[in-house]
Amino acid sequence: MAGTGKAHLRDTDDIILRVEDLVMEFPVGRTGLKVNAVSGISFDVRRGETLGLVGESGCGKSTTGKAIMQLPRPTSGSVLFEGNELTTLEGQAMREARTRMQMIFQDPISSLNPRRKVRDIVREPLVIWKRGLPTEQLDKVDALLEEVGIDPQRAAESQPHQFSGGQCQRISIARSLVLDPSLIICDEPVSALDVSVQAQVLNLLEDLKAKHGLTLIFVAHDLAVVKNISDRVAVMYLGKMCEVAPSDVLFEAPAHHYTAVLKDSIPVPDPEIAVGKVAIEGEPPSPVLPPNGCRFHPRCPAADERCSTEEPQLREIADNHFVACHHPIVGGEAPVAVRSATSPVS
Amino acid sequence: MARAPKRPNRFLTVGSILSLVWLGGIALLAFIPNDWLPFMREADQRVRIGRNYAYGPGVDFWMGSDRLGRDVFARNIYGGRISLSVAMFSIAVGLTLGGILGLMAGYIKGKVDTVINVLLDVLLSFPALILAILVVGRLDVLEINRFWSVMMVLSLLSIAPIARIVRAQTLSLSERDFVLAARSLGASKWRILAKEILPNLVPAMTTVAFTGVAVLMVAEGGLAFLGYSVESPTSSWGKLISENRERIDTAWWATIFPSLMLFATVLAFNIIGDRFARRFDIREAAL
Amino acid sequence: MRYALTRIARFVFVFVIVTFLVMLATRIGSKDPIRDLAGGQVSPEVMAKVEADYPYIEKCEGALAYLPCMGKQYAAWTFDMVRGEMGYSYAQEQTVGEMFKQRGPATFWVGFWAIIIGLLIAIPVGVYSAYKRDSLFDRFMSFGSFATLSTPQLVVAVFLLYAVASRFDFFPNLWNYVAPWSSPVDHFKNFFLPSLTLGIGLGAVWSRLLRADMIMTLQSDFINLARAKGVSPNRVLWVHALRSSVLSLITSVALQLSGLVSGAVVAEQFFGVGGVGGRLVIAVQQNDILIIQAITAVVVAVVVIVNVGVDLLYAVVDPRIRQARALG
């Protein structure tokens, strides 16, 4: 998982977001230690694409999502969004650039101000940016609310706690759309919802994406949720990139051992099928003191000497399928020569 | 899991209704001009019936009369005016100043937070009563009216605890997702403060206002007992208690009634504060 | 260790600021600090003697020179205090040290017995309420403690005076202090009512705290384990569960200390116990500078030291707190 490297970055005209060598560190009190939440990851998203960002909790996927928004600003690295380098924007320019992308949070209740009326919450962005006359603003808000399946009349009278979790998430979605953004970062948008509601919200996101021409980054810990909605999936482990591939390829033939574990942990509604063929042991190591070499090696079934010393680079093992592993399940051993050529191990 | 189950947490209970009625009644009697109340005597009007002696509660004097023949009921109502207005004014000042300090510490953070925290540490390290009598005593030398100096000192005492509460609330609020959402929408710092944070501080502040008034009324009572509250002929409940307590054997009513008034009013403020706290799920704040 | 040092440094800083502010306060509106020290209108000879005894005390004037001038006096006073020279009160004709020796024990016993009474109320009520949660007993005690918390100490004192003292001749106003070892009965007569006045309030605060804490504890795994091992219910309740709640109780005792001082001043005055609080009230009236400064310094020092002690105790006893503090 240790994957650094940029072999998977594409060079086409329709790249809307390009993240390079993103690093996010948080100091641990005054101890001088730091949490290496994200340690140099790169990826890009094409206009209209949905990128799934997957990994277990603590792997830095949510931090990555927030770092793209510059909330807070990443420690280092570059975030190029619609031609603007966000990491160097200041003040007003930053605030304006941020409106082109929006975020949907995990906890639908906490992401809505409990003391305001729902319709005002959705309208707030238009008020901040003084877009249109009050009547136009309200028309737009009501149209969006209806689109996400919330009764505008009720929204005008009620506060968030009068709605269910799923409805609150729909309200959040409406709010994120009101400024007509091009990119929406969904940070585990359904993991706090009941399973029956999850599918509805996912379908809504798909519909809205098509209708509004959106690009989505979909952060989740559950591969099953990402599977259907994403065009391309990136798997993260402990702040590093493991594997990047089109969704179906990743599911058909996972190359990274960690991806295989994630895939196997999806519950299958069939008692005949044995669960957890490839089980991994233990908890992920602390991001304060991450392992050397491949960060997954202490838990990896295929780890050897090399994995504990040398960090694997992302390389293409099949068309559009990239993996950062010395001994992947498919695609053959990593050539030893690569290592000296491009190995700026941090 | 996304939605907390609705607990039957009504604001209006028997206790809180009784409290509201009591406070409403006291406030009405205390703050209505006495011309409108035909049954009220003047606070320092001396009434002699037969001998000049303290009468027990009865038709003539609802709560009896004190050793100077003054109507205890009337004195209680006028005393309540002082007790209530001193406490309410002080808590208003405390909420304003403590609120501003707490907001600055919790929202700006960094060096501002450190400086304010040290200031609050200093204020909280003073034993309250010592600080109070010291300041009131010194303000006497400067010939400042006791009514104002007591309010000043009670305001001063309420700043630090309130600031602590506001700071903690602001810190936790500014971590919440809806503040993050507002930032990602491009809201300015001031707009987030005004629209996202301040409205969410209102429940805690309401609670603090009620429990704070209760605490300050008690504090005023202590000051009055030590002779550091309003000066005669003005009175407060605390002062009535202490000026009559030595005759408790012969005229219990002159001490017991103001004690009951003070107790019932403090209890009523506390009950309402407690209902607010439960309603808004605020942990008991040590004032 | 570094944590301990920063804590201590912070408290020392606060202590210095507080005592310095008290010193400034004694000078507000004072025309002549030497005269205040001498205890009012006295002969020129006495004034001269006071001036000779306290050469460092002077009236500070001028906007720019004021703070440095006061700072110098503060430093001199601190130096005297450290040497154990707390000064002489001309108004009361005794040294500050004698005053503490004479009146300190009374104040100590009022506070000590108040804490004991508070704990004697809080521990049984808190533990049993938590054990029989939502029972009639619990609800009754819960309302009782709430009402008690709302009762001003002054009102408690009045009721005790009316209901107990004035009915029985057992509690006379004993102005002279009796040590517990010289006559336990007189000592009890001396301190029961003032300590009870304070102790009832403390008991109410602590029983609520203990109840909440115990309810959490009783649901935790180690209690279930103890039960599963067959430890008797009483032992589980009073030994295993109570032990883990002791720490928060100690913290609360420390936190209440500052409030206890305020309450003690009122209770001492009310029941005529000749303690330090009464002297402070008189000293403020007379602006007896050295007494005021010494009493506040001692009170603040005790409060601060106890708080540092509890803080450090916490860090030693509870590794989670130690870690949490190390982490930020």
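Throughout, a chain's letter reflects where its sequence line sits, starting with A, and its residues are numbered from 1.
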Tell me, side chain or backbone of C:Ile292 under 4.5 Å from chain B's heavy atoms, or both, or neither? side chain
Heavy-atom distances under 4.5 Å only: say whether B:Leu134 touches chain C with side chain, backbone, both or neither. both
Evaluate side chain to side chain contact (heavy atoms under 4.5 Å, CB included) for C:Val261 paired with B:Leu129, printing each intermediate quantity in order. CA-CA 8 Å; C:Val261 170; B:Leu129 199 78; over 6 Å; no
B:Ile271 versus chain C, heavy atoms under 4.5 Å apart: side chain, backbone, both or neither? both
Pick from B:Ala264, B:Pro127, B:Gly238, B:Gly222: which one has the most heavy-atom pairs with chain C under 4.5 Å? B:Pro127
Relative to chain B, which segment of C:Phe159 carries a heavy atom at a distance below 4.5 Å: side chain, backbone, both, or neither? side chain
Chain B: which of C:Arg10, C:Arg27, C:Gln153 shares the most heavy-atom pairs with it under 4.5 Å? C:Arg10
Name the region of B:Tyr228, side chain, backbone, both or neither, that has any atom closer than 4.5 Å to a heavy atom of chain C. side chain
Can you tell me which of C:Val205, C:Val303, C:Leu280, C:Ile295 forms the most heavy-atom pairs within a distance under 4.5 Å of chain B? C:Leu280
If I measure from the heavy atoms of chain C, does B:Ala214 come under 4.5 Å with its side chain, its backbone, both, or neither? neither
Are the side chains of C:Ser262 and B:Ile130 in contact, using a 4.5 Å heavy-atom criterion? no
Among B:Val218, B:Thr255, B:Val266, B:Leu262, find the residue that satisfies the side chain to side chain contact (heavy atoms under 4.5 Å, CB included) test when tested with C:Val155. B:Leu262
Check whether B:Leu131 gets within reach of chain C through its side chain, its backbone, both or neither, counting any heavy atom under 4.5 Å. neither
So does C:Phe108 have more than 12 non-hydrogen atoms from other groups sitting under 6.0 Å from CZ? yes
Quick check on B:Leu142 against chain C: is it the side chain, the backbone, both or neither that has a heavy atom closer than 4.5 Å? side chain
Is C:Phe13 atom CZ crowded by more than 12 heavy atoms from other residues, nucleotides or ligands, each under 6.0 Å away? no
